[in-house]
Protein chains: 2
Amino acid sequence: MQGMGKQSPANVTINDVASHAGVGKGTVSRVLNGGGNVSAATRSRVEAAIADLGYAPSYAAQSLARGRLATVVVVVPFVTHPSAVTRVQGIIEGLRPSGTPVSILDVETPEHARGQFLMLLGSLRPEGVIVVSLTPDGDVRRRLLEADFPVVWIDAKVQGHVSLFIDNAEGGRLAADHLLSLGHEAIAFIGDDEAHSGFGFTSAAERLRGVTSALAERGLELRNCLTGPHSKDVARELAVQLLTGRDRPTGIVTTSDTQAVGVLAAARELGIDVPGELSVVGFDDVEIAESAGLTTIRQPIAESGRRAAQLITSLAGGDKPSRRHVALPLQLVVRRSTGAAPTAPVQQPATTTG
Amino acid sequence: MQGMGKQSPANVTINDVASHAGVGKGTVSRVLNGGGNVSAATRSRVEAAIADLGYAPSYAAQSLARGRLATVVVVVPFVTHPSAVTRVQGIIEGLRPSGTPVSILDVETPEHARGQFLMLLGSLRPEGVIVVSLTPDGDVRRRLLEADFPVVWIDAKVQGHVSLFIDNAEGGRLAADHLLSLGHEAIAFIGDDEAHSGFGFTSAAERLRGVTSALAERGLELRNCLTGPHSKDVARELAVQLLTGRDRPTGIVTTSDTQAVGVLAAARELGIDVPGELSVVGFDDVEIAESAGLTTIRQPIAESGRRAAQLITSLAGGDKPSRRHVALPLQLVVRRSTGAAPTAPVQQPATTTG
DNA sequence: TTGTATGCGTTATCAG
DNA sequence: CTGATAACGCATACAA
């Protein structure tokens, strides 16, 4: 049974290093960490021993002794969305210099999210947490605020917490103003059906508000507003609906590039020329936007991840945040999917009997 | 002295639960884990106490006591590549049922990779490791094989290890055969410059081999073969070179959809009609391929991640792998980027002096 | 079935 | 500057 003892690498511990170097384990620990008070001679002896034995400190033991995991945890819903992916990439990139491992906690439903937060709080106790596009219940938020690790929120403005976000209404306004400036008056909106997600997202509603208020300033009303689950195909179907209905819009604003690409697909299917007969505006400016030639509202997605990572690193290092809330810049990026409104109505609306 | 220990939330421990329930900590541990020998009455008392106190076992302490981290680590280069992203998504998805956190270890260079593997082996000691598109040195491979946690390789066939991979040469052949069947004879290749990556990748070379051998079977030779760092823009530049040169090809095979999209961009810039004057084949069938209307060689990327995750879970559970090596299926997906070869030569090659 | 004692590998505290 | 030694919180072998 145990005759074989362990044939596995019999992981070398700090004790092995200590005896090999002829010092106490405390000393080894010191050279490993801050290493304040160690004589040069001892230090080099220990370092030699470490190299000799190929010693690496046990992550679990360190975590237990220190009271926290040397890992940054990212809590993110919809890891399949391109924007979520890009954010995570930014985070990983921003954390690379520090060498801190990144753990991904995917969440599917609000209850699932709650569970993940609880396990994070009670069990994981990581070095820092980055929450993406999520706003958990008040009690979880409070516990997160009281936790002894830093938390940074991306794409959510949370009271008392450090957060990076965008002005969604302004984004909607930018999109609408662009179409208006091109002469469009029949503008429709395709957005997420956030109410049904259960997460309590509000960004689509805010963007819609931006659009309608921009239109209102010109005395116009939104031609149509369709929402559905966030996906390219759903957006395509909604667009078909919009484009084959009576009040065909000449411009469509969407809440993501994914959806905009769906609208483009619908237009192609229906033989509607973009941007000749129809202009489409996306949101986010993820990678696909460029290759699809999409006019879109760019938000610095990867950048938000990078900044969150840097913030976490700095906060975990004991720094105080200079600003709690940081609004990220938004920018209209014009490509091939928008153009001047058709001079003649694309489709003559039936004149109502006067 | 030690009374002040920590003023932090004084996280509730297994001891608190034990005393609250009036049992020993061993019992609590038992109901928490396998829970074999616990009377129903005691069990419910303990469970009540756990719920009362909102107890969650410390991940670090569990890890230390058990000797391994309840985390699956993914080692992956180029997290920015769409295919890498998709694989990670698949892994996360496949691991969701088990609730195991996923840690991402990004690697930039071979040395970096080595360091990550070493820290993984010596320090992290996770529940399992999934290595994506990487083949480290022999000694690291051996240590990985001897480690007491399971390792699954994706996109790499590694001696003695469990691995999921594709037949790259077959992929190249599929692409070339498709173009050949459309009447193309002037076929060029744009691929990764893997030699300079330092990682020792060979997939591009294997795909190229598939292409050339398919051509050879018809008595043809590759018109041109250009390589460079893997990026859309580099591919675009290479394509411009190809398309403005003397021997303009009518078909281009690339080693990724990203590159194929670059080729498409080049064609558009040059006013070359696709697929009228030029056919383009991608590789992978990532999301962008569909919206770009790219004909491509589909490999089950997300699926590979899911399967790897399931394999890890099963292996970590003590199962023996049924098969060490699994070849994933490849499939030609025809879209709008390929069509019949132009009947008249697009560009009359200057007849060499006879 | 259940409580107790020991070990896991570090960090941190405290004399020396 | 350095070597013991006590936590850290849990799993587990062992005793009861």
Side-chain angles (χ1 to χ4, degrees), chain A residues 1-2 5-6 8-46 49-50 53 55-70 119 122-125 127 148, chain B residues 1-46 49-50 53 55-70 119 122-125 148:
Chain A
M1 299 295 170
Q2 49 220 48
K6 35 173 66 178
S8 44
N11 270 315
V12 23
T13 77
I14 199 173
N15 288 306
D16 305 325
V17 176
S19 52
H20 189 89
V23 302
K25 48 199 283 194
T27 305
V28 177
S29 179
R30 260 161 255 156
V31 343
L32 239 49
N33 305 321
N37 310 329
V38 185
S39 75
T42 325
R43 172 181 299 279
S44 57
R45 281 230 311 290
V46 172
I50 290 179
L53 276 48
Y55 165 75
S58 152
Y59 181 81
Q62 282 188 322
S63 302
L64 179 58
R66 293 186 181 146
R68 58 189 170 70
L69 230 51
M119 95 103 119
S123 180
L124 246 31
R125 301 164 209 173
E127 179 162 322
D148 58 349
Chain B
M1 300 300 172
Q2 46 219 49
M4 291 299 302
K6 38 172 66 177
Q7 65 212 57
S8 44
N11 269 315
V12 23
T13 78
I14 200 173
N15 287 307
D16 304 326
V17 177
S19 51
H20 189 88
V23 302
K25 47 198 284 195
T27 306
V28 177
S29 178
R30 262 160 251 156
V31 344
L32 239 50
N33 305 324
N37 309 329
V38 186
S39 76
T42 326
R43 171 182 301 278
S44 57
R45 282 228 313 290
V46 172
I50 289 178
L53 277 47
Y55 166 74
S58 152
Y59 180 81
Q62 281 188 322
S63 303
L64 178 58
R66 296 211 254 250
R68 61 189 168 69
L69 230 51
M119 95 104 119
S123 175
L124 246 32
R125 302 164 208 175
D148 58 350

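Just so we're clear, the structure is a prediction, and the values are computed from it rather than from any experiment. All chains are named by letter (A, B, ...) in the order of the sequence lines, taking the proteins before the strands, and each is independently numbered beginning at 1.
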### Query
Under the salt bridge (Lys or Arg N to Asp or Glu O under 4.0 Å) test, which residues partner B:Arg125, sequence neighbours left out?
none

### Query
Nearest-Å distance, CZ (B:Arg43) to C1' (C:dT2)?
13 Å

### Query
Any side-chain heavy atom of B:Asn11 within less than 4.5 Å of one from B:Ser58?
no

### Query
Can you find a side chain N or O atom of B:Thr27 that sits less than 4.0 Å from OP1 or OP2 on C:dG3?
yes

### Query
A:Thr42 versus A:Val31: any side-chain heavy-atom pair under 4.5 Å?
no

### Task
Give the rounded distance in Å between these two atoms: CG of A:Asp148 and P of D:dC8.
14 Å

Could you pull out every donor-acceptor pair under 3.5 Å between side chains of residues 17-28 of chain A and any protein atom, sequence neighbours left out?
from: A:Ser19; atom 1: OG; to: A:Asn15; atom 2: O; distance (Å): 3.1
from: A:Ser19; atom 1: OG; to: A:Asp16; atom 2: O; distance (Å): 3.1
from: A:His20; atom 1: NE2; to: A:Asp52; atom 2: OD2; distance (Å): 3.3

### Message
Does D:dG9 have OP1 or OP2 under 4.0 Å away from a side-chain N or O of B:Thr13?
### Response
no

### Task
Measure from the side-chain heavy atoms of B:Ser29 and tell me the nearest of C:dT11, D:dT2, D:dT12.
D:dT12

### Query
So what does A:Ala56 hit on the nucleic acid, given a heavy-atom distance under 4.0 Å: a base, only sugar-phosphate, or nothing?
sugar-phosphate

#### Entry: Nearest non-hydrogen partners of B:Ala61 and A:Leu64, listed with the distance
CB-CD1, 3.7 Å

### Task
Please state whether the phosphate of D:dA11, meaning OP1 or OP2, lies under 4.0 angstrom from any side-chain nitrogen or oxygen of B:Asn33.
yes

### Rounded interatomic separation in angstrom, taking CG from B:Leu64 and P from C:dT11
12 Å

### Query
OP1, OP2 of C:dT2 versus side-chain N and O of B:Ser39: anything below 4.0 Å?
yes

### Query
Rounded to the Å, how far apart are B:Asn15 CG and D:dA7 P?
13 Å

### Query
Going by modelled atom types, is there a donor-acceptor pair between the base of C:dT4 and the side chain of B:Lys25 at under 3.5 Å?
no

### Task
Describe the nucleic acid contact of B:Tyr55 in one word from base, sugar-phosphate, nothing, applying a heavy-atom distance below 4.0 Å.
sugar-phosphate

### Query
Once you round it to whole Å, what is the distance between P of D:dC8 and OH of B:Tyr59?
22 Å

### Query
Hey, does A:Val28 reach any base, or is it just sugar-phosphate, or nothing, if we go heavy atoms under 4.0 Å?
nothing

### Task
Describe the nucleic acid contact of A:Thr42 in one word from base, sugar-phosphate, nothing, applying a heavy-atom distance below 4.0 Å.
sugar-phosphate

### Query
Start at the 5' end of DNA chain C and walk down; is the nucleotide closest to A:Ile14 or to B:Gly24 reached first?
B:Gly24

### Query
Within this structure, what is the CZ-to-P distance between A:Arg66 and C:dG9, rounded to whole angstrom?
16 Å

### Task
May I have the distance from A:Gln62 (atom CD) to C:dC8 (atom P), rounded to whole angstrom?
17 Å

### Query
Can you name the nearest heavy-atom pair linking B:Tyr55 to B:Ile14, along with the distance?
CE1-N, 3.5 Å

#### Entry: Quiz item: B:Arg30 side-chain donor-acceptor pair to C:dG3 base, under 3.5 Å
yes

### Summary
Of B:Arg45 and A:Ala61, the one whose closest nucleotide on DNA chain C sits nearer the 5' end is B:Arg45

### Message
Distance check needed: D:dC10 C1' versus B:Leu69 CG, whole Å only.
### Response
14 Å

